[in-house]
J.: 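Sharing a structure below in structure tokens format, with a few things to ask.
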Amino acid sequence: MTTHADPPQGFRYYPDLLTASEEKDLLVGIAALCFADIRMRGVAAKRRTVHFGWLYGYESRRLTPGPPIPDWLMPLRERAAQLMHGPAEELQEALVTEYRTGAGIGWHRDAPMFGPRVVGVSLAGPCRMLFRRRKGTGFERFTQLVESRSAYVLSGPSRFLWQHSIPATAALRYSITFRALNAGWSTDRQETR
């Protein structure tokens, strides 16, 4: 195992993006959501989600149109767009994830139908975000502590060459992820892996 001292190229971390008051307002909106269990290979994950704009099928790996992004998320979408230096309208999907105590997410890259930049905002409890990419017979690795009210951007190699995961959380945590559709992606052309 090789430790990587620097963040993966294209990864940017923004501590204290939100004030405590802004976080509180977002958590009020989140409290009214109806979270759905994630089922993968017939097994329910410990985390739960709500999708806006587009619904991603974790078992089918297909996109279908979803409910519109709610008004209370629009100011955060604007800030996410500023972080990725693009128009807010490009961010067509908002994914709200609930990580109950002990929940995490395994090694992955965001699905290929989503665009070259992903913006994530962390609320409530902190987590560790782990990165890895194959190097020789092992992996090059990097760890970022993701604090409450912070944000990150994945682009370039951090989006496409590195995998990321979140180990089991020690406390309740929420994340709000904004993604665009990949240029030229159509719901008729779905992922087949």
Side-chain angles (χ1 to χ4, degrees), residues 6-36 38 45-56 66-105 108 110 114-131 142-156 158-159 162 164-181:
D6 298 320
Q9 185 181 358
F11 173 75
R12 296 190 315 273
Y13 179 67
Y14 300 90
D16 301 316
L17 177 77
L18 302 172
T19 66
S21 176
E22 288 170 325
E23 178 187 43
K24 182 179 176 185
D25 290 345
L26 288 166
L27 290 172
V28 167
I30 287 171
L33 297 178
C34 294
F35 285 89
I38 295 173
K46 290 184 179 179
R47 67 189 190 284
R48 302 185 308 159
T49 59
V50 178
H51 294 257
F52 296 106
W54 290 96
L55 304 173
Y56 177 70
I69 297 173
D71 289 342
W72 59 270
L73 277 177
M74 289 303 192
L76 186 60
R77 185 176 85 155
E78 288 286 339
R79 288 174 80 178
Q82 290 170 4
L83 295 179
M84 63 170 231
H85 308 292
E89 297 74 26
E90 185 179 304
L91 297 174
Q92 299 174 24
E93 193 228 17
L95 169 64
V96 183
T97 305
E98 176 192 70
Y99 291 87
R100 292 175 279 187
T101 301
I105 186 169
H108 71 285
D110 284 34
F114 295 112
R117 292 182 302 274
V118 174
V119 180
V121 178
S122 187
L123 305 171
C127 73
R128 288 183 306 125
M129 192 169 187
L130 310 180
F131 291 85
F142 175 78
T143 300
Q144 175 68 57
L145 177 63
V146 177
E147 297 279 3
S148 179
R149 303 193 307 274
S150 68
Y152 64 83
V153 176
L154 299 176
S155 65
S158 70
R159 163 71 175 98
W162 291 73
H164 57 276
S165 71
I166 295 173
T169 55
L172 177 65
R173 173 183 178 262
Y174 295 97
S175 71
I176 302 172
T177 306
F178 292 98
R179 301 185 284 204
L181 288 186

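In this chain, numbering begins with 1 at the start of the sequence shown. Only a predicted model underlies this, so the values are computations on that prediction, with no experimental measurement involved.
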J.: So, for Pro87 and Ala81, which heavy atoms are closest and what is the spacing to 0.1 Å?
T.: C-CB, 3.9 Å

J.: Looking only at heavy atoms, which two atoms of Met84 and Arg117 are closest? And how far apart?
T.: O-NE, 3.2 Å

J.: Arg179: which residues meet the side-chain hydrogen bond (donor to acceptor under 3.5 Å, both in side chains) condition with it, sequence neighbours left out?
T.: Glu93, Asp110

J.: Walk me through whether Leu154 and His164 qualify under side-chain contact (heavy atoms from CB on, under 4.5 Å).
T.: CA-CA 10 Å; Leu154 299 176; His164 57 276; 3.6 Å; yes

J.: When rounded to the nearest 0.5 angstrom, what is the spacing between CH2 in Trp72 and CZ in Arg77?
T.: 13.5 Å

J.: Within the supplied structure, the quantity of interest is the number of heavy atoms (other residues, nucleotides, ligands) at a distance under 6.0 Å from Arg48 CZ; does it exceed 12?
T.: yes

J.: Between the main-chain N or O of Ala103 and the side-chain N or O of Thr169, is there a donor-acceptor pair closer than 3.5 Å?
T.: yes

J.: Below 30° counts as parallel, above 60° as perpendicular, anything between as tilted: where do the rings of Trp162 and Phe131 land?
T.: perpendicular

J.: So do the side chains of Tyr13 and Glu147 get within less than 4.5 Å of each other, counting heavy atoms only?
T.: yes

J.: Determine, for Tyr99 and Arg173, whether the Lys NZ or Arg CZ falls below 6.0 Å from the six-membered ring centre while staying within 45 degrees of the axis.
T.: yes

J.: Roughly how far, to the nearest 0.5 Å, is the CZ atom of Phe35 from the OG1 atom of Thr97?
T.: 7.5 Å

J.: Got Asp6 and Phe142 here, is their nearest side-chain heavy-atom distance under 4.5 Å?
T.: no

J.: Using modelled atom types only, decide if a donor and an acceptor are shared between the side chain of Ser148 and the backbone of Ala124 within a distance under 3.5 Å.
T.: yes

J.: How close do Ser122 and Val146 get, counting heavy atoms only, and between which atoms?
T.: CB-CG1, 3.6 Å

J.: Do Leu27 and Tyr174 have side-chain heavy atoms sitting under 4.5 Å apart?
T.: yes

J.: With the side chain counted from C-beta on, respond yes when Phe114 and Leu181 share a heavy-atom pair under 4.5 Å apart, and no when they do not.
T.: yes

J.: Does any non-hydrogen side-chain atom of Leu76 lie less than 4.5 Å from one of Phe178?
T.: yes

J.: Are the side chains of Leu33 and Phe52 in touch, meaning some heavy atoms are under 4.5 Å apart?
T.: yes

J.: Mind listing the closest non-hydrogen atom pair of Cys127 and Leu145 along with its distance?
T.: O-CD1, 3.4 Å

J.: Where do Ala180 and Leu91 come nearest, in terms of heavy atoms and distance?
T.: N-CD2, 4.0 Å

J.: Which atom names give the shortest non-hydrogen contact between Arg149 and Thr19, and what distance separates them?
T.: CD-O, 3.3 Å

J.: State, with a plain yes or no, whether a side-chain heavy atom of Ile176 is found less than 4.5 Å away from one of Ile30.
T.: yes

J.: If you round to the nearest 0.5 Å, how far is OG of Ser175 from CZ of Arg47?
T.: 9.5 Å

J.: Under the criterion side-chain contact (heavy atoms from CB on, under 4.5 Å), I'd like the reasoning laid out for Tyr152 against Val119: C-alpha separation, chi angles, the key distance, then a yes or no.
T.: CA-CA 6 Å; Tyr152 64 83; Val119 180; over 6 Å; no

J.: Hey, are the side chains of Leu17 and Leu83 touching, using non-hydrogen atoms and a 4.5 Å cut-off?
T.: yes

J.: Has the side chain of Arg12 got a donor or acceptor atom that lies under 3.5 Å from a matching backbone atom of Ser155?
T.: no

J.: Please determine whether side-chain contact (heavy atoms from CB on, under 4.5 Å) holds for the pair Leu172 and Glu98, giving the CA-CA distance in whole Å, both sets of side-chain angles, and the decisive distance to 0.1 Å.
T.: CA-CA 8 Å; Leu172 177 65; Glu98 176 192 70; 3.9 Å; yes

